[in-house]
Amino acid sequence: MTIEEFARRLRAHEITSEQVTDECLHRIDAENSRLNAFILVMADEARQQARDADGELAAGRDRGPLHGVPISLKDLLDVKGVPTTAASRVREGHVAASDAAAVAHLRQAGAVLIGKTNLHEFAFGTTNEDSAFGPARNPFDPSRSPGGSSGGSAASVAAGMALATIGSDTGGSIRIPAAACGIVGLKPSFGDVSLDGVVPLSHTFDHLGPLAQTVADAAFVYHALLGDAPAALPAPRPVIGLRFAVPRRYFCDLLDDDVRARFEGTIERLRSAGARVDDIDIHHATDIAAVYLHISLADAAAYHAPMLERHPELYSEAVRLRLEMGRYVLAEDYVRAMAGREVLRREVDAALGQHDALLLPTLPIPAPQIGASTVQVGRATEPVRNMMLRLTQLFNITGHPAVSLPMGHTAAGLPCGAQLVGARHETDALIRTALATESYITGAPSPRSGFVGG
Amino acid sequence: MTVDEWLATAIADAERRGLAALKPLLETLARATKTLRAADFNDHPEK
């Protein structure tokens, strides 16, 4: 059930928040041992919040599109009175003294907080394998990663355990699991959503945003995170005349055959509908990984250094080693990377000066097997981590808003995702473009009705 | 400090700290640093 459908049926008295919350909790009971999506299920609190939401609505108070909607939270966000584990033993004993700003906004919007989801330890990874609570698993194939670092979050929505979820994205950690699990993931423009009360990974690259089943649902949750609950979405743009830029070099050089076929099919459908699709070039694309690595490693090392000195044994080995790697980044190279960031930002700005959005795949490969360190892409054998970050990390460097949409499935039935990237500080304009193009990217009609409650 | 000099120093320091497993990661970082330093956006006195 989408949030739009929930909202319509709730106000038509066909369902209650308590009923749907119970359905989500039953799904968690049935599936969490298989998927390991949740670290903490807040069943009693969620049922009480759902009853309160039903009572408010009956009394005539409608908080808007998220009223009574069961939502899960990546376990990096503080919820007053419960632990924020960041999927790490380092955080043992922590209890949040107050809600994160985003959580407070969700409560104000009437959301039901159903539980806290699994992630790659401290969000420092793209597969969700390194977690003190064990790996989260992909609902489409539990032997595979759900992507990461917001892997438990994406699995919770894809498996019907929540109607939407909140993730964080430092190199792609909303969009990567959204693509791997066949849902929508929105990384808003840098700075849109407050990070107060969220365990950081990189102050330069961290973003907070929603994962949901549709663009409309993601848009409603995004606005709630801003402390804003609009009764209606912005109108979709007409597809005719929309201008898309496809950065072919680097971004389309290394793609799984099925991903490439789905992506080319998307371009054909958009062109047939009257959109213009141009090839463009990001001149410094081959410097992206180096720029990203030096800044993200230095940021992460600065935050974790005290704990690495006191209790290194509390980190998983792989995460500890990557954090230690960051402690060797030289200041002069960090400064070079920051200069590169500005160059890349200007190049993406320039591409968007002539286009409504960039269009590219989200992941070059389908969800990898859990435990795999390399993956075959055509004739090349590539590190999984490099492949997972390859198409998303640029937009953390530059801060542009980006959304991953489902783009069909591989022959083996694994989800693929396409990414739309909009102008900086124009997340709503990107949402309008995504609303217009969703059905052309998924290749199927999109369920949109337009929320009219509140 | 050249990247090669930095790498040798970093590996030696990691081994001294009991982190010999860092060596392949530092080699990865060194390759990225070479890419970064070779980029044409870097400013320098001869430019």
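Atoms considered below: every heavy atom in the structure, side chains included; atoms not considered: hydrogens, waters and symmetry mates. The chains referred to below are lettered A, B, ... by the order of the sequence lines, with proteins before strands, and numbering in each begins at 1.
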Any donor-acceptor pair under 3.5 Å from Trp6(B) side chain to Val329(A) backbone: no
Separation of Leu36(B) CG from Glu332(A) CD (nearest 0.5 Å): 10.0 Å
Once rounded to the nearest 0.5 Å, what's the spacing between atom CG of Leu19(B) and atom CG of Leu308(A)? 9.5 Å
Can you say whether Arg17(B) sits under 4.5 Å from chain A via the side chain, the backbone, both, or neither, judging by heavy atoms? side chain
One should read off an interatomic distance between Lys23(B) NZ and Leu321(A) CG, to the nearest 0.5 angstrom, of 14.5 Å
Heavy-atom side-chain proximity of Tyr328(A) to Leu22(B) below 4.5 angstrom: yes
Say you draw a straight line from CG of Asp333(A) to CZ of Arg37(B); how long is it, rounded to the nearest 0.5 Å? 4.0 Å
Taking only heavy atoms into account, what residues of residues 284-301 of chain A are found under 4.5 Å from chain B? His284(A), Thr286(A), Asp287(A), Ala290(A), Val291(A), Leu293(A), His294(A), Leu297(A)
Okay, Arg320(A) and chain B: the region with an atom under 4.5 Å from a heavy atom over there is side chain
Let's go through Phe41(B) and Leu344(A) carefully: what are the C-alpha distance in whole Å and the side-chain angles of both, what is the deciding distance for side chain to side chain contact (heavy atoms under 4.5 Å, CB included) to 0.1 Å, and is it a yes or a no? CA-CA 10 Å; Phe41(B) 52 70; Leu344(A) 287 164; over 6 Å; no
Can His283(A) and Asp40(B) be said to form a side chain to side chain contact (heavy atoms under 4.5 Å, CB included), step by step? CA-CA 11 Å; His283(A) 183 62; Asp40(B) 64 7; 4.1 Å; yes
Considering all heavy atoms of both residues, which atom of Arg336(A) and which atom of Asn42(B) are nearest to each other, and what is their separation? CG-OD1, 3.2 Å
Which atoms of Asp43(B) are under 4.5 Å from chain A, going by heavy atoms: the side chain, the backbone, both sets, or neither? neither
Inspect the surroundings of CD in Glu313(A) and state if more than 12 heavy atoms from other residues, nucleotides or ligands are less than 6.0 Å away. yes
Contacting moiety of Ala38(B), where chain A heavy atoms sit under 4.5 Å: neither
